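As a basis for the values below, the full set of heavy atoms in this structure was taken, side chains included, without hydrogen atoms, waters or symmetry mates. Computed from a predicted structure; not experimentally measured.
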Amino acid sequence: MKQQPLSKTNVHLRDPDKRRKALLRSVLSSSAVEGIKLTAEEVTRMQGNIKPRSGSGQ
């Protein structure tokens, strides 16, 4: 049985806007724990430079 990506099976990740907000919150909180000070604008700007992986379900 082929497994579907989490983004297809998790109701909280199906909505692109909710997924983006959750990812932003996760990056900001994880960075803060590591002592890296980022703003939401910096993370959003960085996301524009990241190419999605093939087969990621996006």
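- Once rounded to the nearest 0.5 Å, the distance linking CG of L24 with CG of L38 reads 10.0 Å.
- Minimum interatomic distance between R19 and S7 (heavy atoms only, all atoms of both residues): NH1-CB, 4.3 Å.
- The side chain to side chain contact (heavy atoms under 4.5 Å, CB included) search around A32 returns none, not counting sequence neighbours.
- Under the salt bridge (Lys or Arg N to Asp or Glu O under 4.0 Å) criterion, the residue pairs touching residues 20-34 are D17-K21, with sequence neighbours excluded.
- Hydrophobic clustering (ILVMFWY, side-chain heavy atoms < 4.5 Å, transitive): I36 and V43 are in one cluster.
- Summarising the hydrophobic clusters (Ile, Leu, Val, Met, Phe, Trp, Tyr; side-chain heavy atoms under 4.5 Å, direct or chained), the residues clustered with L13 are L6.
- T9 and R14 get closest at one heavy-atom pair: O-NH2, 3.4 Å.
- Scored by the side chain to side chain contact (heavy atoms under 4.5 Å, CB included) test, S30 finds S26 as partners (sequence neighbours excluded).
- Looking at every heavy atom in both residues, K18 comes nearest to H12 through CB-O, 3.9 Å.
- Considering only residues two or more places apart in sequence or on other chains, T39 meets the side chain to side chain contact (heavy atoms under 4.5 Å, CB included) condition with E41, E42.
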